2 protein chains.
Amino acid sequence: MNQPLRMTKQRAAVAEVLDASDEFRSAQQLHELLRDRGDTVGLATVYRTLQALADGGDVDVLRTDDGEALYRRCARAEHHHHLVCRSCGRAVEIDGPTVEAWAAEVGASQGFSDIEHTIELWGTCAQCRANVTKSS
Amino acid sequence: MNQPLRMTKQRAAVAEVLDASDEFRSAQQLHELLRDRGDTVGLATVYRTLQALADGGDVDVLRTDDGEALYRRCARAEHHHHLVCRSCGRAVEIDGPTVEAWAAEVGASQGFSDIEHTIELWGTCAQCRANVTKSS
DNA sequence: ACAGCTTTGACTTTCATTCTCAACAAGGTC
DNA sequence: GACCTTGTTGAGAATGAAAGTCAAAGCTGT
């Protein structure tokens with residue numbers, strides 16, 4: 001079906017940087033992190049790799065308010081959602097069986113099919129809250 | 001505090017086009033609709049107006065999978081979510097008291113504050129499903 | 001080592017959205 | 001109505017994320 005991806009230095013590097021962070025990161029941020037580490041990976045390659053990983057379900061993608069894509073390697077492959085810190089990007093995986101059921105039901109009751117849902121929670125994590133308080 | 005917006009032709013035109021549609025539309029689509037109607041409104045003005053309306057809570061904004069912003073005038077000002085047809089953009093307003101409670105609770109239990117949530121449902125509406133079936 | 005692939009990266013291109021700034025229009029005032 | 005002040009417009013340029021191009025470089029099985 002889909003031939004296995006070759007494991008190249010740059011793909012490994014992207015995966016490593018991704019693994020090293022709990023936080024959701026943009027493609028550009030990851031590119032910079034790689035550069036800082038000394039790995040020179042083309043921006044296009046970062047985008048391609050991220051997309052491949054996303055297609056394979058190996059990273060989770062979400063969008064900021066202004067439409068930028070953020071990526072994060074997730075512990076579990078099963079369907080789940082996130083509670084993301086809007087200031088540092090740190091994320092907690094959550095699931096909501098109740099919500100899943102609710103979504104499917106609402107969809108069906110309106111005559112819609114192939115229901116999908118986007119559910120993300122945003123907040124300020126304890127640590128970031130402390131920092132803001134301190135500096136004011 | 002915030003001086004009232006002047007009601008100009010172009011702002012009125014954008015509002016009208018918005019009112020005339022049940023569907024979520026991109027800024028570009030709205031701009032084209034205006035052009036078709038004969039109103040020549042600059043694209044920048046469409047964006048500015050849309051943003052002003054969104055800031056004032058008079059239109060709802062959501063993002064497609066690829067990050068494009070979609071706008072729709074909504075019947076009610078109170079917090080609610082949408083079930084959107086991924087093919088025609090038609091939308092149904094929904095609310096989920098259960099979900100609201102769940103979101104707040106999950107957020108708090110993880111030590112996050114200022115919890116906000118993004119919840120949108122996507123599906124294919126009955127009409128679009130019929131069209132697809134017909135043409136195959 | 002060799003052939004036949006895939007992948008890379010520097011660069012270009014696309015596309016939505018925002019900015020710039022001079023010309024213009026709303027609304028209040030006399 | 002004429003006028004003035006200030007917010008608003010629009011054409012085009014600028015930005016910025018993401019995707020495409022293609023020759024050069026890298027894997028992998030033989």
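All values derive from a computational prediction rather than experimental measurement. Throughout, protein chains are lettered first and strands after them, A, B, ... in sequence-line order, and every chain is numbered starting at 1. As a basis for the values below, the full set of heavy atoms in this structure was taken, side chains included, without hydrogen atoms, waters or symmetry mates.
- In this structure, CG of L50(B) is placed 14 Å from P of dA16(C), rounded to the nearest angstrom.
- The base of dG10(D) is paired with the side chain of R48(B) by a donor and an acceptor separated by under 3.5 Å.
- Within the nucleic acid shown, Q51(B) comes within 4.0 Å of sugar-phosphate atoms alone, with no base atom in reach, counting heavy atoms only.
- In this model, the phosphate group of dA26(C) is approached by a side-chain N or O of K9(B) to a distance below 4.0 Å at OP1 or OP2.
- To the nearest angstrom, C1' of dA19(D) lies 14 Å from CG of D55(A).
- Distance from the side chain of R6(A) is smallest for dC5(C) among the nucleotides dG10(D), dC5(C), dT17(C).
- Side chain of S21(A) to backbone of L18(A): no donor-acceptor contact under 3.5 angstrom is found.
- If you take CE of M7(A) and P of dG26(D), they are 18 Å apart, rounded to a whole angstrom.
- Spacing between atom CG of D65(A) and atom P of dA17(D) amounts to 16 Å, rounded to whole angstrom units.
- Rounded to an integer number of Å, the gap from Y47(A) OH to dT21(D) P is 18 Å.
- Salt-bridge annotation for E93(A) and R72(A): present, with a side-chain N of the basic residue lying under 4.0 Å from a carboxylate O of the acidic one.
- V84(B) approaches F112(A) most closely through the heavy-atom pair C-CE2, 3.8 Å.
- For R11(B) and dT8(D), the CZ to P distance is 4 Å, given to the nearest whole Å.
- Between V46(B) and Q28(A), the residue anchored closer to the 5' end of DNA chain D is V46(B), taking for each the nucleotide with the nearest heavy atom.
- Phosphate contact (OP1/OP2 of dG9(C), side-chain N/O of Q10(A), threshold under 4.0 Å): present.
- Nearer the 5' end of DNA chain C, as judged by each residue's closest nucleotide, is the contact made by T40(A), out of A27(B) and T40(A).
- Mapping T49(A) and A44(B) onto DNA chain C by nearest heavy atom places T49(A) closer to the 5' end of the strand.
- Regarding D39(A), its CG atom lies at a distance of 10 Å from the P atom of dG9(C), rounded to whole Å.
- At the heavy-atom level, L43(B) lies under 4.0 Å from base atoms of the strands shown.
- Using a 4.0 Å cut-off, no side-chain N or O of T8(A) falls inside it from OP1 or OP2 of dT6(C).
- Within the nucleic acid shown, S26(B) has no heavy atom closer than 4.0 Å to any nucleic acid atom.
- Taking the six-membered ring for Trp and thresholds of 30 and 60 degrees, H117(B) and H81(B) have ring planes inclined between 30 and 60 degrees apart.
- Proximity of a side-chain donor or acceptor of T49(A) to a complementary backbone N or O of T45(A) within less than 3.5 Å is detected.
- Put simply, CG on L53(A) is 15 Å from P on dA18(D), counting in whole angstrom units.
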